[in-house]
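Worksheet: the structure to be examined is printed underneath.
Each chain gets a letter, A, B and so on, in the order its sequence line appears, and its residues count up from 1.
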Amino acid sequence: MKRYLFALFVILGSLILVAQAQAQVIVIANSSVKTSEISKADLRDVFTGNAVSFPGGGSVAPALLKAGAVHEEFLRTYIGKNDTTFRAGWRSLVFSGQVIMPKSLDSDTAVVDFVVHNNGAIGYIGKATAHEGVKVLTVR
Amino acid sequence: MSIRRNLSVILTVLAISVTLYAQEFKLGSREVQVHGFGTQGFIHTDDNNWLTMNTSNAGSGAFTDFGLNMGMQIRPKLRIGGQFYDRKLGKLGNWEPLMDWAMLDYHPRPWLGFRVGKVKTVLGLFTDTQDMDFANTFALLPQSVYPIDLRDATIAHEGGDIYGKEKLPHHLGSVAYTAYGGRRADNMHSGYPYLLSSFAIYLTSYGGPVYGGDFRWNTPVSGLTVGISRLNERITGKGTVGGPVVPYQEYSKQDWTNQYYGKYAKDKFHAESEYKRYLRNQSIFNDAFGLETDVRGWYVSGDYRENNWLETGAYYSHYRISPTGSMLFGTIYPDAQLRDYDKVVTAKFTVNKYAYFKVEGHFMDGNASAQYPDGFYSNVNPKGFANNTKALVIRTGFSF
C-alpha cells in the first residue's frame with residue numbers, strides 16, 4: 001500500500017512540476033497593441049511567419065530568443081516544433097522572399113527592451129524577468 | 001570525382017556551417033540582413049547515368065548549389081530584398097551565378113500585398129522553396145512534380161504578384177491566394193536546352209510571357225491544407241540547328257500546368273501529396289512539325305521526426321509522359337521510356353542548427369527518357385537506357 005501511495009505522490013508531484021514549468025513563459029507585447037489576449041493558433045501564426053498582423057489589426061513584429069530554457073519551453077508549448085525545424089521554417093520563408101527574419105535576442109531583458117521600444121512588437125520571456133512597460137498577453 | 005574528394009567536400013561543408021551565422025549591417029538607420037545556404041551532394045547509380053552526371057561508375061559529386069540573400073525592412077509594410085543563386089548539377093548550371101529573385105514587397109493589409117521585380121513563382125507546395133534543402137526531409141523532392149534538372153523552368157518570373165491571406169468566419173480556417181503575371185527567361189544551362197543539344201539544336205534564348213495563380217485553404221482540421229495552382233505560358237525558343245548559321249525556332253501554341261495538392265502536419269509527422277499535369281503543344285523546327293507533350297505526375301510522401309537529430313521519410317513518385325505529334329513520324333516508345341515510378345526512403349541527420357546530412361535510396365522503374373526531360377538524358381547515356389535504376393543519394397548542407 002505504501003508503495004502505491006509513494007508512486008501516486010511521485011506522479012502528482014511530476015504533474016505539478018510540469019504545470020509550473022509551462023507557466024514559466026509569458027507572452028509580452030508593446031503597449032500599442034490593442035488586444036490583451038491571443039489564441040494559441042494566432043500566436044503560432046505570428047511566430048511562424050504566417051501572420052503579419054494581430055487578429056485585431058496592426059502590424060506585428062515578433063522577437064525571438066536565441067536559445068535557452070525559456071525559448072525551448074515556448075517552442076514546445078505554443079509552436080510544437082524544436083529549434084532546428086522552427087528556424088528552418090523561418091529561413092525557407094526568408095530565402096523565398098516572403099519575410100525578413102525576426103530579431104533574435106540574447107536574453108529575456110533584451111526581449112523586454114525590444115518590445116518596449118517597438119510598436120507592434122511581441123515576444124516571450126521567463127515569468128520572473130522584470131517586464132515593466134509592456135503588456136502581458138493571455139494565451140487562450 | 002573520387003570518393004575521397006567527395007568526402008572532403010562534405011566535411012568542408014559541415015566545418016563551414018560551424019563558423020557561419022546570420023549577419024546584419026546598417027545602411028543608414030536601417031538594418032540589412034544577410035543569410036545564406038549551400039549544399040553538396042553525391043549520387044551513385046547501379047546503371048543509367050542520372051541527372052546529367054556520370055553517376056553509374058564511381059558515382060558523381062558534381063551536385064553543388066548555394067545562395068546568398070539580403071533583405072531590408074524599409075517601413076513596417078515595405079521591404080526590399082534579393083538573392084543570388086549558383087549551382088553545378090552535372091552538365092547543368094555550369095557555375096553561372098543567377099539573380100534568383102530581387103523584389104520590392106508592399107503589404108498594406110493581411111489580405112492584400114504586392115510584389116514587383118523578379119519574384120519566386122508560387123506553384124504547388126514547393127516550387128518557390130525547392131532550393132531550401134535544409135527545410136526538407138528528402139535529398140531530392142519527388143521528381144515527378146519537382147524535377148531538379150528543370151528547376152529554371154518554373155522557379156521565378158520577372159513581373160509582379162498580388163497576394164494575401166484572410167481568415168474565414170465560423171471557424172472555417174483561412175485562405176491564401178497569389179495571382180501573378182510576367183515573363184520567364186530560362187538559363188541556357190538548364191535541362192531542356194541540354195536535351196535539345198543531343199539533337200544538335202543549340203538554344204540561345206528560351207522564355208516568354210507567363211501568368212497564373214495559387215489558391216490554398218487552411219482547413220478547420222488542424223494541420224490540413226489543400227490547394228490548387230495554375231500556370232499559363234507562351235514560350236518561344238530561338239537558336240541554331242546543326243551548325244552556327246541555320247536558325248532554329250520553336251514556340252508553344254498551348255502551354256499550361258495544373259497542380260492540386262494537400263499537406264497534413266501533426267506533431268512530428270508530415271504528409272504531402274500533389275498531382276501535376278503539364279501540357280505543351282509546340283510548333284518546332286521553324287513551323288515544320290508539331291509536337292504535343294502531356295506529362296502527368298503525382299506523389300505521396302510522409303516523414304517523421306524521431307528526435308532532435310533524426311528524421312525519416314518515404315515517398316512514391318509516379319511520372320508518365322505521353323508524346324504525340326507529326327514530329328514523331330509514328331514512333332512508338334517502349335513503355336519504360338514513358339514512365340518513372342520511383343520508390344524512395346530517406347534519413348536526415350541534424351548536426352546542429354545550421355548543418356545536416358541526408359542519406360537516401362531511390363528505386364526507379366522506367367527511365368522516362370522519351371521526348372521531354374525528367375532526369376535521364378541520352379547525352380550521358382550514349383549506349384541506351386536500362387529499364388530500372390537504383391540510386392544512392394547523399395546530400396549535406398548548411399544555412400544561416
Side-chain angles (χ1 to χ4, degrees), chain A residues 30 32-33 39-42 44-46 48-68 71-72 75-77 79-106 114 118-122, chain B residues 22 24 31 33 35-37 67 69 71-73 75-77 79 81-83 85 100-103 105 107 109-110 113 115 117-120 122 126-132 134-136 156 163 165 167 174 176 218 222-223 265-268 305 307-309 311 350 352-354 356 399-400:
Chain A
N30 182 269
S32 66
V33 172
S39 71
K40 196 173 173 181
D42 287 333
R44 188 170 57 236
D45 282 350
V46 164
T48 53
N50 285 318
V52 293
S53 63
F54 283 101
S59 295
V60 64
L64 315 177
L65 279 167
K66 279 184 180 166
H71 177 63
E72 298 293 338
L75 294 184
R76 191 166 50 246
T77 308
I79 309 299
K81 293 182 176 181
N82 66 12
D83 184 59
T84 304
T85 52
F86 173 69
R87 291 188 192 278
W90 273 107
R91 283 182 200 140
S92 64
L93 294 175
V94 169
F95 290 125
S96 56
Q98 296 179 51
V99 299
I100 293 276
M101 188 72 103
K103 273 278 181 195
S104 265
L105 301 161
D106 288 318
F114 178 85
N118 290 278
N119 281 348
I122 181 170
Chain B
E24 285 182 357
E31 284 178 349
Q33 290 185 358
H35 297 275
F37 65 90
N69 169 293
M72 179 171 72
Q73 196 79 40
R75 293 184 174 280
K77 293 170 182 173
R79 67 188 164 80
Q83 183 164 293
Y85 180 77
D100 197 22
W101 55 266
M103 64 176 183
D105 184 306
H107 201 168
R109 298 276 186 279
R115 296 185 181 118
K118 185 170 185 182
V119 186
K120 282 270 175 111
V122 179
F126 298 116
T127 293
D128 55 340
T129 59
Q130 62 184 287
D131 300 326
M132 286 99 214
F134 59 85
N136 300 320
Y163 69 98
K165 291 176 184 170
K167 278 196 167 181
S174 63
N218 296 309
S222 178
K266 173 77 173 170
D267 300 327
K268 298 176 179 179
R305 179 158 49 83
N307 50 47
N308 283 343
W309 60 271
E311 287 171 50
T350 300
N352 56 36
K353 65 171 75 174
Y354 305 106
Y356 60 88
S399 66
F400 64 91

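Interatomic distance, Asn136(B) CG to Tyr356(B) OH, rounded to the nearest 0.5 Å: 8.5 Å.
Both the backbone and the side chain of Phe37(B) come within contact range of chain A, judged by heavy atoms closer than 4.5 Å. Only the side chain of Lys167(B) has a heavy atom closer than 4.5 Å to any heavy atom of chain A. Residue contact with chain B, scored on non-hydrogen atoms closer than 4.5 Å, involves the side chain of Val52(A) exclusively. Using a 4.5 Å cut-off between heavy atoms, Asp83(A) touches chain B through its side chain atoms alone. Using a 4.5 Å cut-off between heavy atoms, Ser53(A) touches chain B through its side chain atoms alone. Of the atoms belonging to Asn50(A), heavy atoms from both backbone and side chain fall under 4.5 Å from chain B. The contact between His35(B) and chain A is made by backbone and side chain atoms together, counting heavy-atom distances below 4.5 Å. Heavy atoms of Ser104(A) lying under 4.5 Å from chain B are absent altogether. For Arg87(A), the part lying near chain B is the side chain, with the backbone staying farther off; criterion is any non-hydrogen pair under 4.5 Å.
Here the side chain of Asn30(A) pairs a donor or acceptor atom with the backbone of Asn118(A) at under 3.5 angstrom.
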Walk me through it: do Val99(A) and Val94(A) pass the test side chain to side chain contact (heavy atoms under 4.5 Å, CB included)? CA-CA 5 Å; Val99(A) 299; Val94(A) 169; 4.0 Å; yes
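Of the residues considered (Lys165(B), Glu24(B), Met103(B), Arg109(B)), Lys165(B) shows the highest number of contacts with chain A, using heavy-atom pairs under 4.5 Å.
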